[in-house]
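Data first, discussion second: the structure below is written as structure tokens.
Residue numbers count from 1 along this sequence.
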Amino acid sequence: EAYKALMQLAENTKIENCIVHRDVIDAMLRQPHSDKTIPYKKIVVKDSASIKAADYDLGKNGIAYKDSVSGNYYISKGGDRESWNNGHTYRNDGVDIYKNENAREAESVYVGDFEKSEFLQYTFKITERGTYKFSLKMRANKSGSKVSIGINNKQFQNLNLSDTLKEWSWISSDLIALKTGSNTLKIEIKKGDFDLEKIKISKKY
């Protein structure tokens, strides 16, 4: 019985039978020694590209993302246990990620439980400089919710989500000039509470 259990353990731990959590590996090996952020997935925009909201950059809390509860520190700080990712899926840092049960895609998720001043950052590459539109698939949980879009560490505009209350809708920005090569998008919560599922970047011709 012990031999069979050991062989089953060996089978289970084969790399082809495991799920690789890149965010956990990055948090353990790179992030303690670097404040740099890196893309969670490679995103290249030619004419357009779609980004899953949960695919924000890899990096420390306050740099790649900001969440008010980013870990369970009950041992070092005392007090009760805390849940950091309230959706308990997809990634293992402070951002609250939930399964989208009604979606057709098998791995459809969205980010929720946003609070004021929290943010997500995305790094992507542009193949040709020009003007681009950003569209966010969002669902407001409170009327008057507001989010800001920043590009390359500059705040460009605020988007009001009051018209998307409790329904998934696309909210689009004005056209924004982007440079060839690496760019960053920062989505910051200004007011209210909402869910974010996808981001589309589209070139204007």
Side-chain angles (χ1 to χ4, degrees), residues 20-23 25-26 30-31 34-67 89-91 93 95-100 103-112 114 118-140 145-161 163-164 168-190 194-205:
V20 179
H21 291 279
R22 288 172 291 170
D23 56 319
I25 296 170
D26 188 72
R30 185 188 66 86
Q31 291 179 31
S34 174
D35 289 337
K36 183 180 178 180
T37 63
I38 59 176
Y40 182 75
K41 289 184 178 179
K42 185 178 180 180
I43 304 164
V44 179
V45 182
K46 295 181 180 178
D47 292 328
S48 65
S50 180
I51 306 171
K52 189 182 295 186
D55 289 346
Y56 52 90
D57 286 353
L58 293 168
K60 296 177 180 178
N61 185 24
I63 302 175
Y65 69 94
K66 182 180 178 183
D67 195 277
T89 191
Y90 200 72
R91 294 178 65 168
D93 51 31
V95 178
D96 303 306
I97 303 173
Y98 295 86
K99 290 183 179 179
N100 195 344
R104 294 179 180 178
E105 307 99 88
E107 246 197 354
S108 180
V109 294
Y110 65 89
V111 181
F114 283 109
E118 293 183 344
F119 67 80
L120 302 171
Q121 177 182 289
Y122 305 84
T123 300
F124 58 95
K125 287 188 177 180
I126 294 291
T127 59
E128 183 179 357
R129 64 178 297 176
T131 53
Y132 291 78
K133 178 177 71 174
F134 291 82
S135 300
L136 281 57
K137 188 177 181 182
M138 315 186 82
R139 177 178 63 189
S145 295
K146 187 178 291 186
V147 61
S148 74
I149 291 180
I151 303 296
N152 299 327
N153 297 317
K154 297 179 182 178
Q155 183 174 324
F156 279 86
Q157 55 193 271
N158 292 324
L159 301 178
N160 195 323
L161 279 67
D163 295 332
T164 70
W168 289 110
S169 301
W170 289 96
I171 304 297
S172 296
S173 70
D174 296 332
L175 294 176
I176 298 174
L178 296 178
K179 63 182 181 178
T180 303
S182 182
N183 291 264
T184 58
L185 164 66
K186 183 178 179 181
I187 298 175
E188 183 173 357
I189 294 75
K190 293 296 184 182
F194 58 87
D195 302 325
L196 175 62
E197 183 182 37
K198 289 181 182 178
I199 304 151
K200 284 184 180 178
I201 307 173
S202 307
K203 191 176 191 322
K204 176 66 176 179
Y205 288 97

- Residues forming a side chain to side chain donor-acceptor pair (under 3.5 Å) with Lys146, sequence neighbours excluded: none

- Can you name the residues that form a side chain to side chain donor-acceptor pair (under 3.5 Å) with Thr37, not counting sequence neighbours? Gln121

- Item | Considering all heavy atoms, the nearest Ser148-Asn158 contact | CB-OD1, 3.1 Å

- Is Thr131 close to Ile176 at the side-chain level, that is, under 4.5 Å between some pair of heavy atoms? no

- Sorted by chain and number, sequence neighbours left out, salt bridge (charged side-chain N to carboxylate O under 4.0 Å, His left out) with Lys36 holds for none

- Note on the structure: Here the pair of heavy atoms bringing Lys198 nearest to Ser50 is CD-OG, 4.2 Å

- Item | Residues that Asp195 engages under salt bridge (charged side-chain N to carboxylate O under 4.0 Å, His left out), provided they are two or more places apart | Arg139

- Answer whether the closest heavy-atom distance between the side chains of Ser173 and Lys133 falls below 4.5 Å. yes

- Note on the structure: Residue pairs passing the salt bridge (Lys or Arg N to Asp or Glu O under 4.0 Å) test with at least one member in residues 38-53, sequence neighbours excluded, are Lys41-Asp55

Distance-only criterion, 3.5 Å: show the donor-acceptor pairs between side-chain atoms of residues 180-187 and protein atoms not counting sequence neighbours.
from	atom 1	to	atom 2	distance (Å)
Thr180	OG1	Arg129	N	3.1
Asn183	OD1	Asn152	ND2	2.9
Asn183	ND2	Lys179	O	2.9
Asn183	ND2	Gly181	O	3.0
Thr184	OG1	Asn152	N	3.4

- Item | Nearest-0.5 Å distance that lies between atom OG1 in Thr89 and atom NZ in Lys99 | 4.5 Å

- Under the side chain to side chain donor-acceptor pair (under 3.5 Å) test, which residues partner Glu118, sequence neighbours left out? Ser68

- Query: Salt-bridged, Asp26 to Arg30, with N to O below 4.0 Å?
  - Reply: yes

- d(Ser145 OG, Leu159 CG) to nearest 0.5 Å is 12.0 Å

- Listed by chain and number, what are the ring pair (Phe, Tyr, Trp, His ring centres under 6.0 Å) partners of Tyr98, not counting sequence neighbours? Tyr110

- Item | Set of salt bridge (charged side-chain N to carboxylate O under 4.0 Å, His left out) partners for Lys137, sequence neighbours left out | Glu197

- Message: Do Leu178 and Phe134 make a side-chain contact, defined as non-hydrogen atoms from C-beta onward lying under 4.5 Å apart?
- Response: yes

- Query: Which atom pair, heavy atoms only, marks the closest approach of Ala54 to Val109?
  - Reply: CB-CG2, 3.7 Å

- Task: Return the set of residues passing salt bridge (charged side-chain N to carboxylate O under 4.0 Å, His left out) with Lys60 (not counting sequence neighbours), or none when no residue passes.
- Result: Asp35

- Closest non-hydrogen contact found for Val95 with Asp67 is CA-OD2, 3.8 Å

- Which residues share a ring pair (Phe, Tyr, Trp, His ring centres under 6.0 Å) with Phe114, sequence neighbours left out: Phe194

- Given side chain to side chain contact (heavy atoms under 4.5 Å, CB included), test Ile51 with Ile201 step by step and report yes or no. CA-CA 8 Å; Ile51 306 171; Ile201 307 173; 3.8 Å; yes

- Does the side chain to side chain contact (heavy atoms under 4.5 Å, CB included) test come out yes or no for Lys190 and Val147, once each step is laid out? CA-CA 5 Å; Lys190 293 296 184 182; Val147 61; over 6 Å; no

- Item | Side-chain touch Leu58/Arg91, heavy atoms, less than 4.5 angstrom | yes

- Atom CD1 in Ile171, atom CD1 in Ile149: separation rounded to 0.5 Å? 10.0 Å

- Trp170 vs Lys200, side chain to side chain contact (heavy atoms under 4.5 Å, CB included): CA-CA, chis, key distance, verdict: CA-CA 9 Å; Trp170 289 96; Lys200 284 184 180 178; 3.6 Å; yes

- Rounded distance [0.5 Å steps], OH in Tyr90 versus CG in Asp96: 15.5 Å

- Among Asp93, Asp23, Thr123, which one satisfies side-chain hydrogen bond (donor to acceptor under 3.5 Å, both in side chains) with Tyr56? Asp93

- Item | Residue pair Ile38, Asp57: steps toward the side chain to side chain contact (heavy atoms under 4.5 Å, CB included) verdict | CA-CA 6 Å; Ile38 59 176; Asp57 286 353; over 6 Å; no

- Query: Which residues satisfy the side chain to side chain donor-acceptor pair (under 3.5 Å) test with Tyr132, sequence neighbours excluded?
  - Reply: none

